[in-house]
Each structure stands twice: as structure tokens, then as C-alpha cells.
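Throughout, a chain's letter reflects where its sequence line sits, starting with A, and its residues are numbered from 1. As the structure is a prediction and not an experimental result, all values here were calculated from the model.
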Amino acid sequence: MLPTDSMDSGPSRRIAHLDMDAYFASVELLRYPELKGLPVVIGGRRSVPGEGFQRLRDYRGRGVVTTCTYPARAFGVRSGMGLMKAAALAPDAILLPGDYETYARVSRAFKAAVAEVAPAIEDRGIDEIYIDLTEVEGTSAELARRLKEAVKAATGLTCSVGITPNKLLSKIASEMQKPDGVTLLGLEDIPARVWPLPASAVNGIGPKAAAKLEALGIRTIGDLAAADPALLLQRFGQSYGAWLSDAAHGRDQRPLTIVREAKSMSRETTFDRDLHPREDRERLTAILLDLCGRLAQDLERKGLAARTVGIKLRFDDFSILSRDVTLGWAVASPDALRDAARDCLRRVTFDRRLRLLGVRAGSLVTPGTGGAPRPLF
DNA sequence: TCTGGGGTCCTAGGACCC
DNA sequence: TCTGGGGTCCTAGGACCC
């Protein structure tokens, strides 16, 4: 047995994961302080403006809970839950439509504040980031406090921070003391603090993998660490099987991705009611044109063009179908996106009603560089 | 009363080329 | 006539994440 971990885990790092608490709901509470302490749910479509706040019980139609306050969670409401089901649990909860422009603005503000403390940041979406603290002066406890203070000063919001030697453990750690928490973990804490958690607490073990593990009698991360690696390889394949073993032992050497280029952009919409491919043809055409127009705007804003265009359909039975086409050139205009999307739609046999239509731009290039044919000389 | 919208990555087969 | 092995690109689907 090797006496130290430094020989097999490489140079030791200090990585933070910072996660905003009930993010969208907390931003709304800044705007409506009178809702503090009440069950509030963010979700659904923008409703007709009326008097006062809309109650969850009055909501009609499709939609899910995007996020909710902790008092709403006390009723059993969860992200991703259908709004009708949420209304049955918490009929008096306040329902607010999402205001994504504001959430994005506040997001830029908290990330800029964190960058003042530590500049090496990996963006993980609107409400969370990884931060490399390896080269930053101070104890982990001090740095956690400074990060939280910087976020609070810039936005008025609280967050939870986990600091450990890698991204995998920090992601787990930041969940441990939510909300407004700090959790510091070393490799020596793994057996006592990480192994009792359910396997699904690992980022990358979703519902399917968790169910498959459960069928093997593997429920906790500790069970996974104790499982025969050969069995995992056999049941989950070389790549994922090996990763499962590593993850259970807290082994993770992934670097932070500081700059990331967009790989694809898409727009999709779920209809108010399922649409018939022929009887509702005009309505579907109008929706397709709208999606292409919005996607073209997104591309223009980012100065990008697509060499691949695809469509996504969700049918009334929730099955999903996609088709895409790669063009010999890059496109960005609404008309070109529409023509390519129509080519894709022609390859589909429609025998069910449609629930959702989406348009996707992939193989993105910057026009004038990657989009042009390479010169011969 | 079912189940949003925006992404990434992986796998796997076939076409095509060397 | 049959023997190859890579490599890349494209397409479709699926798992997972925020």
C-alpha cells in the first residue's frame, strides 16, 4: 500500500463549488420583499396582468415548477414538478412567471464579484460556478467567507459553498449545508461524510443509472465504493463503469473549463394543446417561423452561423424525434433556417399529435472564418 | 391534473477516404 | 477473390445537468 495520496492523485488542488440558494425565487424576493417567508413558486407562462399576486390554485395549463422558496419546499413542492400537482400540495403558494433577463443580469453580477476574489472560474450555468482556489492566499474557511460576502454585497443573495480537492467532491459538499452553508471536505472525510449519501448525489448518476445500481443492491456511494469494479465494468461499460468506481472514491482530476465556446443553440416551445400535423398545419407553420426568427436573433447576437440545422418534435405520447441536416455552408438568417428545418420535417412520418416543436443550430462557426471554404493557396 | 426550455456529452452505425 | 485497419464526418437517440 502506498503511504501517501500524492503519488496517485497528482498535485493537490483546492476547488470550490458555489451554488446560489433557490436562485430564481431569491431574486424575486429581492423585488417583492413582502413575500419573504411565504411559499413562492416560479414557473408557467407569463399570465395576464391582474390585481395582486397569482395563486398556484388559480393556474390552468401546462408547465412545471422551475424553482421555489424553502417554505414552498416544506409542502413537498419540487423543481420539475407539474404546476397542477404543485397546486394540489400548496394551493395558496404565490406563482410568479420567470424573468430570465433579470436572473441573467444578477448572475453576471455575482460571477463578477467572485472573480474579484478568485479569477479562475468555470461557468456551470446561471446559478453555479466552480472556482480554482489553489493559488489563492488564505485558509479555505476564510476564502469561503470572502466568496459568500462578495456575492452578498453584489446581489443581496446567499449561496452555499463547498471546498474540496476536486470538482466532484465540491459539488457534493456545496449541497450538504444548504442554504447559506459552507462545507469543507478532505479526502480523509470521504468514508464518514460522503459514503452514506445516496449514489444519485454524485453529479453524473441520474435516474436511469441510479435505478440500475439499485437493482444491483447499490444504494449509497459507499455501496458503490465497495462494489466489485469488474461488475461495474460489465454492467455499465468500460468508460462509465470505470468512472463510477473513481467517483465513489472521490477521485476526479478534471480541470476547470475557464472558457467555453457554444456548440449549439436552440429554441423550442410546448404548445398550449397538442396539435394535429395536418389540421393545425397553419398554426404549426407560424410556430416554426417564430422559432426560426428567434434562433436567428440568438445567432446574430453571438455573431455565429450554423452549418447544421435540426428539428426536434415531441409527440403526445412524449416520445421525442430529431432530424438534422448538415449544409455545405453556414446559415444564420430566419429564411435559411426555415428552409433547412423544412427539409428535416419532410423526412418525418407524422402519425400522432404534436406537443412540442424545436429548432436547433449546430456546428457553429464565426462567419468569415470557419464558415468560408479554405483557400487552396 | 401529468411532465419546460436550454444545453453537453456519449454511443453506435454507415459513408467515405487513405 | 478475399484479405485489412484507421480516420473523419454525419445522423439519431439517449442520459444527464441547470
Side-chain angles (χ1 to χ4, degrees), chain A residues 17-20 22-24 41-46 56-67 78-89 91 97-98 100 103-104 107 122-130 167-168 171 174-175 199-213 236-241 243-244 247 254 257 260-274 291 294-295 298 302 307-328 343-344 347-348 355-364:
Chain A
H17 181 255
L18 184 152
D19 197 76
M20 301 297 287
Y23 180 56
F24 297 172
V41 168
I42 312 296
R45 297 275 167 87
R46 195 159 304 278
L56 203 44
R57 66 151 52 89
D58 297 325
Y59 184 79
R60 294 290 174 276
R62 295 178 158 166
V64 297
V65 175
T66 303
T67 191
R78 293 289 179 274
S79 296
M81 180 179 281
L83 284 174
M84 291 302 190
K85 184 176 176 187
L89 293 168
Y100 295 88
Y103 308 151
S107 177
E122 173 176 333
D123 216 308
R124 288 307 302 185
I126 200 160
D127 69 340
E128 61 182 76
I129 50 177
Y130 290 103
K167 287 161 68 170
L168 181 111
K171 172 77 180 169
S174 68
E175 283 294 314
S200 57
V202 174
N203 196 248
I205 299 181
K208 300 283 181 180
K212 213 167 148 185
L213 288 168
F236 292 92
Q238 285 294 318
S239 170
Y240 195 68
W243 176 81
L244 283 172
R254 288 171 302 164
T257 304
R260 192 190 296 274
E261 284 175 16
K263 298 241 172 29
S264 69
M265 306 178 73
S266 66
R267 285 284 178 168
E268 65 184 50
T269 189
T270 296
F271 317 135
D272 297 332
R273 59 174 180 88
D274 295 343
L291 290 170
R294 287 198 279 156
L295 186 55
D298 296 339
K302 299 274 182 184
R307 226 164 54 72
T308 300
V309 177
I311 53 128
K312 170 178 166 182
L313 303 173
R314 199 199 300 269
F315 294 98
D316 54 6
D317 64 351
F318 248 72
S319 60
I320 292 174
L321 174 152
S322 68
R323 291 287 179 272
D324 56 62
V325 60
T326 298
L327 309 162
D343 282 347
C344 293
R347 311 205 310 259
V348 179
R355 181 184 177 90
L356 169 150
L357 175 60
V359 182
R360 196 178 67 92
S363 306
L364 300 178

- Partner of A/D324 under side-chain contact (heavy atoms from CB on, under 4.5 Å), chosen from A/R347, A/R360, A/K312: A/R360
- Item | Side-chain donor or acceptor of A/Y23 paired with backbone N/O of A/T67 under 3.5 Å | no
Considering every strand and a 4.0 Å limit on heavy-atom distances, what is the contact class for [X]: base, sugar-phosphate, or nothing?
X	value
A/A87	nothing
A/V325	sugar-phosphate
A/R60	nothing
A/L356	sugar-phosphate
A/R347	sugar-phosphate
A/T269	sugar-phosphate
A/K312	nothing
A/S239	sugar-phosphate
A/M265	sugar-phosphate
A/F318	base

- Query: Mapping A/T270 and A/K85 to their closest nucleotides on DNA chain B, which lands nearer the 5' end?
  - Reply: A/K85
- Query: When you match A/D317 and A/D298 each to their closest nucleotide on DNA chain B, which lands nearer the 5' end?
  - Reply: A/D317
- Give the C-alpha distance, both sets of side-chain angles, the deciding distance and a yes or no for side chain to side chain contact (heavy atoms under 4.5 Å, CB included) between A/L357 and A/L313. CA-CA 5 Å; A/L357 175 60; A/L313 303 173; 3.4 Å; yes
- Query: Quick one: side-chain hydrogen bond (donor to acceptor under 3.5 Å, both in side chains) partners of A/R267, sequence neighbours excluded?
  - Reply: A/D298
- Message: Holding to salt bridge (charged side-chain N to carboxylate O under 4.0 Å, His left out), I want the full list of residues that pass it with A/R314, two or more places apart in sequence or in another chain.
- Response: none
- Mind checking whether A/Y100 and A/F24 have parallel, tilted or perpendicular rings, split at 30° and 60°? perpendicular
- Query: In terms of side-chain geometry, is the basic nitrogen of A/R260 or A/E122 positioned less than 4.0 Å from the acidic oxygen of its partner?
  - Reply: yes
- Message: Need the glycosidic conformation of B/dC2: syn if within 90° of 0, anti if not. Which one?
- Response: syn
- Item | side-chain contact (heavy atoms from CB on, under 4.5 Å) partners for A/T270, two or more places apart | A/R45, A/R62, A/R355, A/L356
- Message: For A/D316, give me all partners under side-chain contact (heavy atoms from CB on, under 4.5 Å), at least two apart in sequence or on another chain.
- Response: A/D274, A/R352, A/R353
- Contacted region of DNA chain C by chain A, from 5' end to 3' end of the hits, cut-off under 4.0 Å to heavy atoms, spans C/dC10 to C/dC18
- Item | Pair pattern of DNA chain C in dot-bracket, where unpaired bases get dots and | marks partners in another strand, Watson-Crick or G-U under 3.5 angstrom | ....||||||||||||||
